[in-house]
Amino acid sequence: MTQPRPACILTDIEGTTSAIAFVKETLFPFAAAELDAFLDERGTEPEVAAIMAEVRAAAPGEDPRAALRRWMAEDAKVTPLKALQGLIWRAGYADGRLRGHLWPDVAPCLRAWARAGLRLAVYSSGSVEAQRLLFGHSEAGDLTGLFVGFFDTRVGGKRDASAYATIAAGLHLPPGEILFLSDVAEELDAAAAAGMATCQLVRAADGTLPSGRHAEEADFPGVASRFHLPNPA
């Protein structure tokens with residue numbers, strides 16, 4: 001079943017454009033291993049110091065580094081943690097130790113959609129910094145120029161409908177003209193509640209289970225066919 005063509009594609013990253021394993025097995029361990037050395041070297045820089053102040057405010061009475069490691073172990077969606085991870089990853093991308101993983105079908109579709117005049121944006125629990133790094137140092141090259149917006153948990157939680165309303169306002173579009181792509185059904189539920197069109201990416205390699213509540217596709221070319229978007233030649 002095909003759907004109306006949207007004006008903007010808003011995409012999640014982990015499990016949608018990129019393998020869950022890349023985040024879990026590459027990015028997270030890299031940040032954990034580099035945490036102490038990074039803070040020892042750069043903890044007094046204004047950007048880092050401001051993040052650490054947020055950590056202290058979010059975990060009063062707890063050693064800030066202990067709080068960061070606890071959040072890492074819990075995979076907590078805590079904004080200062082995500083911001084700090086983004087800075088650590090920046091160093092890894094800059095010196096070539098990290099390259100952003102994308103499923104092979106993603107970059108060709110993103111480029112085709114951008115060429116056709118569709119607006120592209122990202123909404124991920126990873127910080128805006130981390131998003132820009134992944135797409136800027138991806139295995140398919142620098143894709144950041146394709147996107148008109150990057151959004152993280154500073155606009156709200158990914159399972160809160162209000163966050164998607166805020167994103168729509170930030171993009172100056174009615175929610176109904178935005179298609180949100182994610183592998184997580186509860187995120188799609190929230191986007192739909194805000195009025196967005198939705199599609200669940202059910203990638204077998206990531207073990208995603210279909211929810212039955214949203215349109216479902218296995219890859220970006222499937223999304224393109226369903227929503228009347230151009231497919232790369």
Side-chain angles (χ1 to χ4, degrees), residues 11-103 106-107 110 120-158 163 166-167 170 206:
T11 184
D12 172 49
I13 294 178
E14 184 181 353
T16 302
T17 65
S18 307
I20 292 173
F22 173 68
V23 178
K24 303 290 189 190
E25 298 174 11
T26 300
L27 289 184
F28 285 175
F30 184 89
E34 294 291 319
L35 177 65
D36 286 328
F38 181 86
L39 291 176
D40 289 344
E41 179 181 350
R42 299 181 52 186
T44 59
E45 294 179 7
E47 187 176 19
V48 179
I51 292 171
M52 294 306 290
E54 291 186 54
V55 173
R56 293 184 183 91
E62 186 174 4
D63 175 77
R65 297 192 188 198
L68 287 164
R69 293 199 179 279
R70 175 172 59 80
W71 290 335
M72 287 179 177
E74 296 169 353
D75 190 19
K77 312 300 184 185
V78 181
T79 298
L81 168 65
K82 297 300 182 181
L84 187 65
Q85 286 174 324
L87 295 182
I88 295 172
W89 293 330
R90 180 201 290 171
Y93 283 115
D95 64 19
R97 286 178 292 167
L98 293 174
R99 290 182 69 200
H101 174 265
L102 296 176
W103 292 111
V106 170
L110 291 176
L120 305 179
V122 177
Y123 179 33
S124 172
S125 59
S127 68
V128 167
E129 168 79 7
Q131 297 169 28
R132 289 184 176 278
L133 288 168
L134 188 151
F135 285 105
H137 298 269
S138 85
E139 297 164 344
D142 184 355
L143 304 180
T144 53
L146 302 179
F147 296 98
V148 300
F150 294 87
F151 302 91
D152 60 21
T153 53
R154 293 183 189 276
V155 302
K158 295 194 72 183
T166 298
I167 290 171
D206 275 335

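No experiment lies behind these values; they were computed from the predicted model shown. Just so you know, these numbers use all the heavy atoms, side chains as well, and skip hydrogens, waters and symmetry mates.
- Under the 30°/60° scheme for interplanar angles, the aromatic rings of His137 and Tyr93 are found to lie parallel.
- Asp142 places a side-chain N or O within donor-acceptor distance of the main-chain N or O of Thr144, the cut-off being under 3.5 Å.
- Residues Val128 and Arg154 form no side-chain contact, since every pair of their non-hydrogen atoms from C-beta on lies 4.5 Å or further apart.
- In this structure, Ala58 and Trp71 approach most closely via the heavy-atom pair CB-CH2, 3.8 Å.
- With rounding to the nearest 0.5 angstrom, the OG atom of Ser127 is 7.5 Å from the CG atom of Leu87.
- Counting all heavy atoms, side chain and backbone alike, Asp206 lies closest to Ile20 at OD1-N, 3.1 Å.
- A distance of 11.5 Å separates CZ in Arg90 from CZ in Arg132, rounded to the nearest 0.5 Å.
- In terms of modelled atom types and a separation under 3.5 Å, the side chain of Ser138 and the main chain of Gly141 share a donor-acceptor contact.
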(Q) Set out, in order, the CA-CA distance, both residues' side-chain angles and the distance that settles side chain to side chain contact (heavy atoms under 4.5 Å, CB included) for Leu134 and Leu98, then state yes or no. (A) CA-CA 9 Å; Leu134 188 151; Leu98 293 174; over 6 Å; no
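- No more than 12 heavy atoms of other residues, nucleotides or ligands sit less than 6.0 Å from atom CD of Glu41.
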Q. Do Arg70 and Asp63 pass the salt bridge (Lys or Arg N to Asp or Glu O under 4.0 Å) test, and can you show the C-alpha distance, the side-chain angles, and the key distance before you say yes or no?
A. CA-CA 10 Å; Arg70 175 172 59 80; Asp63 175 77; over 6 Å; no
Q. How far apart are the C-alpha atoms of Leu84 and Val55, what are their side-chain angles, what is the distance that settles it, and do they pass the side chain to side chain contact (heavy atoms under 4.5 Å, CB included) test?
A. CA-CA 10 Å; Leu84 187 65; Val55 173; 5.9 Å; no
Q.
Let's go through Glu129 and Lys82 carefully: what are the C-alpha distance in whole Å and the side-chain angles of both, what is the deciding distance for salt bridge (Lys or Arg N to Asp or Glu O under 4.0 Å) to 0.1 Å, and is it a yes or a no?
A. CA-CA 9 Å; Glu129 168 79 7; Lys82 297 300 182 181; over 6 Å; no
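- Taking CD from Glu74 and CG from Leu81, the interatomic distance works out to 10.0 Å, rounded to the nearest 0.5 Å.
- The two residues Leu39 and Met52 come nearest to each other via the heavy atoms CD2-SD, 3.9 Å.
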**Q.** Intermediate values then yes/no, side chain to side chain contact (heavy atoms under 4.5 Å, CB included), Val148 and Leu120
**A.** CA-CA 6 Å; Val148 300; Leu120 305 179; 5.9 Å; no
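- Residues passing the ring pair (Phe, Tyr, Trp, His ring centres under 6.0 Å) test with Trp103 are His101, sequence neighbours excluded.
- A 4.5 Å side-chain heavy-atom check between Tyr123 and Asp12 finds every atom pair outside the cut-off.
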Q. When you look at Glu34 and Arg97, which way does the salt bridge (Lys or Arg N to Asp or Glu O under 4.0 Å) test go after all the steps?
A. CA-CA 12 Å; Glu34 294 291 319; Arg97 286 178 292 167; 3.5 Å; yes
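- The structure places CG of Leu27 at 4.0 Å from CZ of Phe22, a figure rounded to the nearest 0.5 Å.
- Under the 3.5 Å distance criterion, with hydrogens and angles disregarded, no donor-acceptor pair is assigned to the side chains of Thr11 and Thr17.
- Ion pairing between Glu62 and Arg56 fails under the 4.0 Å rule for side-chain N and carboxylate O.
- In this structure Arg99 satisfies the salt bridge (charged side-chain N to carboxylate O under 4.0 Å, His left out) test with no other residue, sequence neighbours excluded.
- Without hydrogens or angle criteria, Gln131 side chain to Phe151 main chain gives a donor-acceptor distance under 3.5 Å.
- Asp152 places no side-chain N or O within 3.5 Å of a backbone atom of Ser125 that could act as its donor or acceptor partner.
- Side-chain contact check for Gln85 versus Met72: some heavy-atom pair is nearer than 4.5 Å.
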Q: Assess whether salt bridge (Lys or Arg N to Asp or Glu O under 4.0 Å) is satisfied between Lys77 and Asp75, documenting all intermediate values.
A: CA-CA 7 Å; Lys77 312 300 184 185; Asp75 190 19; 3.7 Å; yes
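- Under the 3.5 Å distance criterion, the side-chain polar atoms of Trp89 are left unmatched by any main-chain donor or acceptor of Leu133.
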Q: For side chain to side chain contact (heavy atoms under 4.5 Å, CB included), just list the numbers for Leu102 and Phe135, CA-CA rounded to whole Å, side-chain angles, deciding distance to a tenth of an Å, and then say yes or no.
A: CA-CA 8 Å; Leu102 296 176; Phe135 285 105; 3.7 Å; yes
